[in-house]
Amino acid sequence: MSDSDVTLVVGGTGKTGRRVVERLQRLGVPIRLGSRSAKPAFDWERPETWVPCLEGTRQAYVTYYPDVSVPGALDALQSFFARAVDVGVRRLVFLSGRGEVEALHAEQALKACGADWTILRCSFFCQNFSESFFLDPILAGEVALPLGPVAEPFVDADDIADVAVAALTDDRHSGQLYELTGPRALTFAAAFEEIARVTGRDIQYLTITPDAYRAALVEAHVPDDVIDLMLYLFGTVMDGRNQQTADGVQRALGRQPRDFKEYVQGVAATGVWRS
Ligand SMILES: NC(=O)c1ccc[n+]([C@@H]2O[C@H](COP(=O)([O-])OP(=O)(O)OC[C@H]3O[C@@H](n4cnc5c(N)ncnc54)[C@H](OP(=O)(O)O)[C@@H]3O)[C@@H](O)[C@H]2O)c1
């Protein structure tokens, strides 16, 4: 197998990237991890690390960190796409976000870069409840968010990875924008209730003001830029604009997306919410 058969997975140890890596490895597709802990290291903050990771690869799955909406993300993505095309990358599969104007700009940059592209425009991940910022509050038994009864069609990272791998291995997905959501929208309160019911844990869900949320994050020593991001996500993006489900999983894979209930049952069985 030549070097050019290698697929770069940027964020290959993250929530979707790790799942993409597992699937590609099962298919025997050679991969290169793109993350700060990989060798060679890939760091969005250090553009000089990008080309050594891109060289010799034909395609890439691209996840930006921490979020496509943060200042500097668009510039970084635009110049990453250009460098990828310069070194011969032919196909880019990009993880985008729903309801973020910055994500739309990044998608436009991708479409204009000259590579074959597929966009995965995703709703809020189920895995935020088990592999990210909601895990600790769940284990502590109290979640406080500046959110009203807004509903969200949480999408499972396993579905995202299935679509990403389909896009990386089948030309039919080239030029497609897939809006990926779960099969139904539920409120955050209902989502925590579902986890509490299945696990038998007591989880209090409180609605607090944005100011109180900021104060709590400051007290927890969360960095300022992360606080701004959380307030943007919960205050602006989660204003109800993303409540509709979309048919991206069905269009890409010909099957229904996984329901939040199924996700909760699967994760509960692993014991992640037990400790
Ligand atoms: N989470 C959601 O609900 C959601 C929904 C829609 C869209 N998105 C989009 O998905 C993308 C990823 O978000 P996520 O929350 O799911 O994160 P994630 O993929 O779980 O992020 C962690 C990954 O990023 C890598 N990473 C961290 N800092 C990095 C840096 N400076 N340079 C290169 N790699 C770095 C980590 O590896 P190392 O630590 O080894 O570097 C790890 O592989 C974002 O662009 C976001 O806008 C997320």
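The structure presented is a predicted model; accordingly, all values stated were derived computationally and were not measured. One-based numbering, in listed order, for ligands and for the atoms of each.
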query: Does the separation of the ring centres of F134 and F125 fall below 6.0 angstrom?
result: no
query: Ring centres of F154 and Y263 under 6.0 Å apart?
result: no
- request: Could you tell me if the ring centre of F188 sits under 6.0 Å from that of F124?
  value: yes
message: Could you tell me if the side chain of P257 sits less than 4.5 Å from the side chain of Q250, heavy atoms only?
response: yes
- prompt: Got a sec, which residues hit ring pair (Phe, Tyr, Trp, His ring centres under 6.0 Å) with F81, two or more places apart in sequence or on another chain?
  reply: F94
- request: Would you tell me whether D156 and Q127 have side-chain atoms, one donor and one acceptor, within less than 3.5 Å of each other?
  value: yes
query: In order of chain and number, which residues sit within 4.0 Å of ligand 1 by heavy atom?
result: G11, G12, T13, G14, K15, S35, R36, S37, F42, D43, W44, Y64, Y65, P66, D67, V68, L95, S96, G97, C122, S123, F124, F125, N128
